[in-house]
Amino acid sequence: MYKYVIKGGNRLEGEISVSGAKNAAVAIVAATILCDEPCVLENVPDISDTAICAKILREMGASINYTNKNTIQIDTKNIKSPVVPYELARTMRASSYFLGTLLGRFHEAYVPMPGGCDLGDRPIDQHIKAFNCLGATDEIVSGTVHVKADDLIGCQIYFDINTVGGTINAIFAAVKAKGLTIIENAAKEPHIVDLANFLNSMGADIRGAGTDVIKVRGVERLKGITYAIIPDQIEAGTYMVAAAATKGNVLIKNVIPKHLESITINLRKMGVKVEEFDESVRVSVDGPIMKTNVKTMPHPGFPTDMQPQLSTLLTIAEGTSIVTDDIFDNRFRYVAELRKMGAEITVKDKVAIIQGVKCLKGAPVKATDLRAGAALVIAGLCAEGVTEIDDIYHIERGYESIEEKLSAVGADIKRMYFQPKETMAIGG
Ligand code: EPU
């Protein structure tokens, strides 16, 4: 198995280019099912989550051609059945998007209950509510969700909670439904806007994406197009924090600075210098990192997907910070790992109290989910000594070539193979 081995203490300096957005890419790859002409997707991040999405399509009969590692030609016309293969789909959250896209195309879908990062209970009741509003029935049989509709009819969907996946699935099911669907209390994340732009370029009629009311007027068919995915807001934010944690000076390129605003504001409150340019931001530090209090919120608030990384920076800030994250049940699992590195953090319910320490110390730790893993990489970069991170497959679900990008700006990080230790049977 592979681990990242990081020798901490190097100041990051130079330029990092951000890849395409994971959470836009997984939705857009799934969206190609809604059209039976070839599509070319550019700036697709080369990560395991997008690879799995493409593999699911291939197993279902689509033709998938990588013209380079970030460009995929997808033709879904030979997909004839609305059944998603069990083993691949159950490993990732975004497999739920096949419910909406297959329902939109075939009026029926069979999709294994979605997996993904273990952040606590992750129900899909709001997705189902949207399908039901549009006229579909649902049942769960042996861990597979089955939705079916004779006809999908435009309707008014009001989400009880702000849900990214639910909003995306509602758009998918509505895009070829009859008449107008109005989605209220819709999520506003940048990847929802990107998905709507993709579908509109194919001929869909979606208005209001990026606000909390999205109107989708159903169209007969969508045409194949070439489309480039937006840069990854969270990957960019992760490198911004890494630059700050190592007191470095890094130009982070290929970003949309507007998408980074809530991250920029919080870093500036902590004394980090963030300069914004058209498509890049420069992060540097020339004084102490100061404490701050942060609460995660849906976009345009501070993203839950950046909470573990920012909290890691706060472990070496001056003073006591309070971080509240109640979007998911369990987004503080990385805290136990950071404590092994000398962090002083207590967590009660969904609030972490972080007492800054002078520095973290390298230790063997384990990525418990994707962003937890990213946080441990940051911790390793700024810690004294060597940090070995286990279970890095979590990190590789969402960060393209992370060790290459960080090495290029001066980090001492290696991806190394370790023979799994044999467990000795103890008799008696
Ligand atoms: N929720 C429900 N019922 C639903 C749907 C959601 O109760 O039907 C709850 C969830 O349990 C959670 C909250 O609503 O407490 C928000 O969940 P949401 O649906 O917004 O999240 P998601 O679609 O499952 C996406 C991202 C996550 C990101 C969240 C929040 C993808 C593939 N995943 O998840 O990304 O944290 O939105 O922004 O887009 C990551 O990239 O590391 C990641 C976990």
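Ligands are counted one by one from 1 in listed order, and the atoms in each one are counted from 1 as well. When a residue number appears, it is its place in the shown sequence, counting from 1. All values below come from the heavy atoms of this structure, side chains included, with hydrogens, waters and symmetry mates left out.
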Would you find more than 12 non-hydrogen atoms of other residues, nucleotides or ligands less than 6.0 Å from K215 atom NZ? no

For K366, does the NZ atom have more than 12 heavy-atom neighbours from other residues, nucleotides or ligands under 6.0 Å away? no

Heavy atom to atom 36 (O) of ligand 1, shortest distance: which of D305, D232, I168, I161 holds it? D305

Have a look at ligand 1 and work out which part of H127, if any, has a heavy atom under 4.0 Å from it: side chain, backbone, both or neither. both

Taking atom NZ of K348 as the centre, does the number of heavy atoms from other residues, nucleotides or ligands within less than 6.0 Å exceed 12? no

Classify the angle between the aromatic ring planes of Y2 and Y417 as parallel (below 30°), tilted (30 to 60°) or perpendicular (above 60°). perpendicular

Decide if atom NZ of K295 counts as having more than 12 heavy atoms of other residues, nucleotides or ligands within a radius under 6.0 Å. yes

Residue pair D75 / S63, side-chain donor-acceptor N/O under 3.5 Å: no

Evaluating non-hydrogen atoms only, which member of D326, V164, N330 is closest to atom 18 (P) of ligand 1? V164

Any atoms of ligand 1 less than 4.0 Å from a non-hydrogen atom of G165? List them with their elements. 19 (O), 23 (O)

Does ligand 1 have any atom sitting under 4.0 Å from a heavy atom of P123? yes

Would you mind telling me if ligand 1 is within reach of the side chain of R331, the backbone, both or neither, using heavy atoms under 4.0 Å? side chain

How about N68: does its CG atom have over 12 heavy atoms from other parts shown lying under 6.0 Å from it? yes

Does an N or O from I327, backbone or side chain, lie closer than 3.5 Å to an N or O of ligand 1? yes

Quick check on contacts: which atoms of ligand 1 are under 4.0 angstrom from a heavy atom of K22? 40 (C), 41 (O)

Looking at ligand 1, does any of its N/O atoms fall within less than 3.5 Å of an N/O of V26? no

Test salt bridge (Lys or Arg N to Asp or Glu O under 4.0 Å) on D49 and R397 and set out the steps. CA-CA 5 Å; D49 265 14; R397 286 190 38 223; 2.9 Å; yes

Can you sort out which atoms of ligand 1 are near R122, meaning under 4.0 Å from one of its heavy atoms? 11 (O), 22 (P), 24 (O), 34 (O)

Looking only at heavy atoms, is any part of Y97 under 4.0 Å from ligand 1, and if so is it the side chain, the backbone, or both, or is it neither? side chain

Close N or O approach (H191, ligand 1; < 3.5 Å): no

T304 heavy atoms within 4.0 Å reach ligand 1 at atoms 30 (C), 36 (O)

Below 4.0 Å from any atom of ligand 1, is there a heavy atom belonging to Q307? no

Using the side-chain hydrogen bond (donor to acceptor under 3.5 Å, both in side chains) criterion, which residues pair with E337? Sequence neighbours excluded. K340

Closer than 4.0 Å to some heavy atom of L370 - which atoms of ligand 1 meet that? 42 (O)

Is it true that atom CZ of R268 has more than 12 heavy atoms of other residues, nucleotides or ligands lying nearer than 6.0 Å? yes

Has ligand 1 got any nitrogen or oxygen that is less than 3.5 angstrom from a nitrogen or oxygen of Q126? yes

Just let me know how I234 lines up against ligand 1, side chain, backbone, both or neither, with a heavy-atom cut-off below 4.0 Å. neither

Donor-acceptor pair, side chain of T50 and main chain of P45, under 3.5 angstrom: yes

